[in-house]
Structures are given as structure tokens and as C-alpha cells.
Amino acid sequence: MAISISTTGLEHTSFLVVGSGIAGLYTALKLSEFAEVTLITKETLEESNTAYAQGGIAAAISPSDSPELHYEDTIRVGAGICLPAAVKILVNEGPERVRELISLGVPFDCQAGEPALTREAAHSRSRILHADGDATGREISRALTHDVINNPRIKIKENIFVAALLTGPEGCYGILALEETGETKCFLSGATILATGGCGQIFSDTTNPKVATGDGMAVAFRAGAALSDMEFMQFHPTALYLPTAPRFLISEAVRGEGGLLRNKQGVRFMPSYHEQAELAPRDIVARSIFCEMKKTGDDHVYLDLSSLAPDRIKSRFPNIYETCLEYGVDITKEMIPVAPAAHYMMGGIATDLWGRTALPHLFACGEVANSGVHGANRLASNSLLDGLVLGHRIFEYFKTHKLSFSELPQELKAEINGETDPATIKNDLNFLKMLVSKELGIIRNQEGLEFLLHQLSSSSSGENSSLKPQYLELQNMRLIARLMATAALERKESRGSHFRSDYPAPDPSWIKRIFQFPVRTEIHSADKVYNWPW
Ligand SMILES: Cc1cc2nc3c(=O)[nH]c(=O)nc-3n(C[C@H](O)[C@H](O)[C@H](O)COP(=O)(O)OP(=O)(O)OC[C@H]3O[C@@H](n4cnc5c(N)ncnc54)[C@H](O)[C@@H]3O)c2cc1C
């Protein structure tokens, strides 16, 4: 449903940044060097996927490492779908961005005065910086939030939900938002930067917090931007599996430090699935656990830390230790029950190497964006880095480009999809999550994907203007599920995190990326560099 908005009397800002994870906070700070920034976020500044990141941030800063090695690891894990130019930017510019975080006060753990580096799955070197053991995201978020709050050029708007983008003849002019009071409010801006994170919440089992409902992807798509690589959702192999606990992440770094996976019979099974055993790429470990659980008929496996001294466990993984203890598992003495859970969206709003989207004046960075850097599978700890690097590219872009429209039209359009019946919302949401988990989970096939698409088209509750965040979130999740299923159906092969039981092998003719626009789909070779022509 498109609504028209008069542009008289609306709030203006130079830059509008949506989202307060690493990408939004960092980009807002950088852009404030040029002009006033308004930063909008749907809960508090501190709530984001970023705040829960544990393992750390990858960067080739050690003398025994190099951007070339980081490049090779990222490309290998991305399974043919990474855009090489985007990966080069990530690994070459990453070390400088991480040094900037250090100078902004992020207290990375150190050894002999230098950042302590750990190794995670599929990295050929120890290159992961971490903070307070396993609370890297919280520490990054804390440092950036502090600087944002103290920056007089950044206006902070918490508890405001972005419901739609405002569009007109020259592209994106800003956003339509819902305030806590239920009032709608429009913000006009010279550039809108979406940093709204991922969409793990469309699955029943996810490591993502409840803000991760794919809103940014959905509003951008409705407004005319392209989404790409939507079939690639990464499942984290090891989320805590206890009936009473949330699906708390047990970081990859635990396996990096020597944690072993065992089935319920106590048998270590990863060596029979892959030569790198517990340190194989994420998709392989997740699928292996899934297959092992199918084989034994169990709903989880175990992570065994008995090779690590209790003191080492407590100092290296204080957050994991405390959280598991809270739920009755002492990980210095017992194995941790774990199972895979939806974790990271490789796909997202298609951007070029400057964070530009297909819609003029709309930019994106962080997990909501997809510059092609992660391909079919993200290398562990590359996503925090990606948020910084693409955010910085947006900043670089505005060093040489002016920020204005030739003129403001009298009316703008906002594409909204409201939901009707508040009574059915919880059931609809649970049904959606259950269906998506079953048909778009670790193993997919044509029949299931078609069934899901059919259900999504038939269960759509129509249009209404009940503008409430939870209704809009449900509609956003439906749209994202539909786009993911459509892309997964199109890709008739298995590659990276996308595995189809009816096409279990990779097909070299599919070294291609799927771009979905509202009115068409484009399929391009994986090395095509997008440079949006505007
Ligand atoms: C448990 C866990 C552990 C992880 N560990 C690591 C790790 O060790 N290393 C690593 O590199 N990556 C890790 N990741 C992934 C990484 O944390 C995320 O990819 C990254 O933090 C995304 O940052 P972001 O800024 O793009 O989005 P987020 O941090 O998710 O922030 C998105 C922001 O947008 C806001 N928002 C969303 N929708 C709206 C809306 N409609 N209106 C207004 N605001 C909105 C949200 O409230 C939030 O503030 C982990 C993820 C999880 C869940």
C-alpha cells in the first residue's frame, strides 16, 4: 500500500543513519565530521546483534599474517560467490579500521602489550581480536555508544521504528517512522544509511536478538532497491540447547581453543565428516551436526571442553561460563548441549563498493547490506569488520560527493505493508518461524520451498493501515522469507550455506549471484562489480 506524504513541515537532517549496531554507530560518528547526523534505532542504543558478538573481529595485523592470506581464507569459505574486489577492500582496509577502534577506546585483550589474537574455524592464521574474553561485541558497542552520546553533531532517537522509506523522483528522501506513542513521523535527509542488521528472527532457533527482523531489507526492497544472495543464511553450529534457555551462542573460538564435538554416546564425530574436523567451515560443521543428530535421532550434540584447564575456560570465556552456569551447566566439569541455529544473513541490500544501493541517496552497511564480501558463507569474525569497512567507504564517498537533491517535491511516497488482526499475530509469527525453519533450514528441497512459498502467499492477511511495529515486523519477515525461498528455489545446486537435498553437489554453472528487484530478478556472474548508475 503506497501512502503519500506532504513534504511541508517535516524534520530535516543532513545524514540519517538507521540502526545502532557497529555499522550504524561507527558510520554516524564518521559522517558527523561532515554535517549533522540523526541516528534512529528501534530500541535502545545498546540493543543490536553487535552487542552479543562474542568471538571477535578478524584483521591481518600480526607480522606472521597478511591481507593476502585473509583474502584467500575469505574467498575459499565464500565458495565461489564472493566478489573478489569487495574482499580485497575488506582485508586491505580492515587493519586500519581495527586500529581506529583501538584508538576509539575499545579495550581489546592484550598479550605482552599487543592485541591477543586467536584463531577461528577456516582461518589459516590467528587473527581474531577479542575483548573481555568473549564479550567483544558488548565492548565495541560500549565504546562507540559512548562517543555517539557525547557527539554534539549526532541527534539520537531511540525507540523509533522505521516503517518505510520516503521515495520520489530522485530516489530516497528519508524515512517514515513510528514513535513510541504510535504517532508517525517523517525525517527528510540528503542521504539515508540503513544499518539495521540481519533477519535471524524469521527462524524459530536463532542466536539473533529480537530486533533482527529484517526490517531494513524489507523497506529497501519495497522502495525499489535490489536484494542479493538471499538464499545464503549461515547457521551457527553451536548454540546452547536447553529447553529453558535462549539459543545462546557458544562461540567458534571455543572450538578454536580445543573444544570437541561429541554425540550423545560420547563419540567424537567431526573427523569422519571433514579433515579439518571441528575447525571446518561453519556450514560444514553445522550440516555435520545436523546429519549426526538425524543419524542418532537426537535433538542436540555436545561440546566437550575437558582438554582446557578450568582457569583457562573461565578467563577466556567468562561470558559463556557464567551464562551456562546460570542455566545449570558448569562447563569446567560438564559437556555443553548444543545444536545449530540461524545466525547470520550473507545476503541483503545489494550495494556497490561505496555502500550505494540501487536506489539513489540510499546507502547500506553492516549485516543488512551485501557488497558481495561474504559470498555463500561468511568467514567467522568477518562481519563486525565488514560493518566498519563499508561504513568507512560511505564516509569516503561523501568526501567527494555533494549531499543534496536538485529540488524537493511537494509529495513523497511511502510503501507500507500493515497487518490486520492483533489477535492472530502471535500465531502467525510462530507459524511463520516454524515453516521457515523446516523448509529454509540447513537442508532444503524443491517440494519444501514450493510449499513454503504457497503458504506465504495464501496466509498473507491483506492490507490495513494498522501501523504498529509488531505488525510491520511480521510483514517484513514474511517478505524476507518469500525472497529467501524464491532465491533458494532458483539456485538448483548446493553451495556454501545453501544445501539442497535434491541438488546435493555444487554446479559450476551456478557461480553466479541472484539479484532480486521488486519487478525483476537478475542473475550475474559472481565477479560482476556493481556500480549503480546514478
Ligand atoms: C550471538 C552472536 C554472536 C556473534 N559473534 C560475532 C563475532 O564474534 N564476530 C563477528 O564478526 N560477528 C559476530 N556476529 C555477527 C555480528 O554481530 C553482526 O553481523 C553485526 O554485529 C551486525 O552489525 P550491524 O551494525 O550491521 O547490525 P546490528 O548490530 O544487528 O544492529 C542493527 C540495529 O538496527 C536497529 N533496527 C533494526 N530494525 C530497525 C527499524 N525498523 N527501525 C529502527 N532501527 C532498527 C536495531 O535495533 C539495531 O540497533 C555475531 C552475531 C550474534 C547474534
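Read the numbers this way: they start at 1 and go in the same order the structure lists the ligands and their atoms. Treat the numbers as computed from the prediction; the structure is a model and nothing was measured.
- Near Gly19, with a cut-off below 4.0 Å to any heavy atom, the atoms of ligand 1 are 33 (C), 34 (O), 35 (C).
- The one candidate from Val389, Leu101, Thr50, Leu129 that meets the side-chain contact (heavy atoms from CB on, under 4.5 Å) condition with Leu384 is Thr50.
- Looking at ligand 1, you'll find an N or O of Gly55 within less than 3.5 Å of one of its N or O atoms.
- Residue Lys42 has at least one N or O atom closer than 3.5 Å to an N or O atom of ligand 1.
- Every atom of ligand 1 with a heavy atom of Ala23 under 4.0 Å away is listed here by number and element: 25 (O), 26 (O).
- Protein heavy atom in closest approach to atom 23 (O) of ligand 1: Thr50 OG1, 3.2 Å.
- Look at Glu396 and Arg393 and you find no salt bridge, because none of the NZ, NE, NH1 or NH2 atoms lies under 4.0 Å from a carboxylate O.
- Considering CE of Met233 and CG of Asn377, their distance stands at 12.0 Å, rounded to 0.5 Å.
- Classification of Lys157 and Glu180 as a salt-bridged pair fails, no side-chain N sitting under 4.0 Å from a carboxylate O.
- Contact atoms of ligand 1 toward Glu367: 18 (C), 19 (O), 22 (C), 26 (O) (distance under 4.0 Å to a heavy atom of the residue).
- At most 12 heavy atoms of other shown residues, nucleotides or ligands fall within 6.0 angstrom of atom CD in Gln111.
- Contact atoms of ligand 1 toward Phe161: 41 (N), 42 (N) (distance under 4.0 Å to a heavy atom of the residue).
- Considering CD of Glu231 and OG of Ser497, their distance stands at 8.0 Å, rounded to 0.5 Å.
- Using a 4.0 Å cut-off between charged nitrogen and carboxylate oxygen, Lys433 and Asp205 do not count as a salt-bridge pair.
- From the protein, the heavy atom lying nearest to atom 27 (O) of ligand 1 is Gly197 CA, 3.3 Å.
- In terms of polar-atom proximity, defined here as any N/O pair under 3.5 Å, Val162 does make such a contact with ligand 1.
- A distance of 11.5 Å separates CZ in Phe15 from OG1 in Thr38, rounded to the nearest 0.5 Å.
- The closest non-hydrogen atom to atom 51 (C) of ligand 1, taken over Glu120, His343, His374, comes from His343.
- The pair Arg312-Glu257 counts as a salt bridge, with a side-chain nitrogen and a carboxylate oxygen less than 4.0 angstrom apart.
- Listed by atom number, the atoms of ligand 1 under 4.0 Å from Ala195 heavy atoms are 32 (C), 33 (C), 34 (O).
- Remark: Lys468 does not engage Glu473 in a salt bridge, criterion side-chain N to carboxylate O under 4.0 Å.
- Remark: ligand 1 and Asn49 share an N or O pair separated by less than 3.5 Å (distance only, no angle test).
- With salt bridges taken as basic N to acidic carboxylate O contacts below 4.0 Å, none links Arg316 and Asp134.
- Numbered from 1 in the order shown, with element, the atoms of ligand 1 that lie under 4.0 Å from a heavy atom of Val18 read 43 (C), 44 (N).
- Ligand-side atoms of ligand 1 in range of Arg378: 10 (C), 11 (O), 12 (N), 13 (C), range being under 4.0 angstrom from any heavy atom.
- Remark: among candidates Gly24, Ser383, Ser48, Gly214, the nearest residue to atom 13 (C) of ligand 1 is Ser383, based on non-hydrogen atoms.
- Inclusion of Tyr344 in the set of residues having an N or O under 3.5 Å from an N or O of ligand 1 is not warranted.
- At a 3.5 angstrom cut-off on N or O pairs, Ile22 counts as close to ligand 1.
- Residue contacts with ligand 1: Gly137 is excluded, as none of its non-hydrogen atoms falls under 4.0 Å.
- Under the 4.0 Å criterion applied to side-chain N and carboxylate O atoms, Asp386 and Arg378 are not assigned as salt-bridge partners.
- Considering only non-hydrogen protein atoms, atom 1 (C) of ligand 1 sits nearest to Tyr52 O, 3.5 Å.
- Between atom 36 (N) of ligand 1 and the options Thr196, Leu45, Ile160, Asp215, the minimum heavy-atom separation is to Thr196.
- The shortest separation from a heavy atom of Thr136 to ligand 1 is not under 4.0 Å, leaving the residue out of contact.
- The shortest N/O to N/O separation between Pro209 and ligand 1 does not fall below 3.5 Å.
- The number of heavy-atom neighbours closer than 6.0 Å to NE2 of His12, taken from other residues, nucleotides and ligands shown, is above 12.
- Using a 4.0 Å cut-off between a side-chain N of Lys or Arg and a carboxylate O of Asp or Glu, Arg142 and Glu46 do not qualify as a salt bridge.
- Those atoms of ligand 1 with a heavy atom of Gly366 less than 4.0 angstrom away are 26 (O).
- At under 3.5 Å, a nitrogen or oxygen of Glu47, whether backbone or side chain, sits near a nitrogen or oxygen of ligand 1.
- Looking at atom 7 (C) of ligand 1, its nearest protein heavy atom turns out to be Gly56 O, 3.5 Å.
- Among protein heavy atoms, the minimum distance from atom 4 (C) of ligand 1 is reached at Ala53 CA, 3.3 Å.
- Between the CZ atom of Arg125 and the CG atom of Leu69 there is a distance of 5.0 Å, given to the nearest 0.5 Å.
- Separating the NZ atom in Lys88 from the OG1 atom in Thr74 is a distance of 12.5 Å, to the nearest 0.5 Å.
- In terms of N/O distances under 3.5 Å, ligand 1 is not approached by Ile57.
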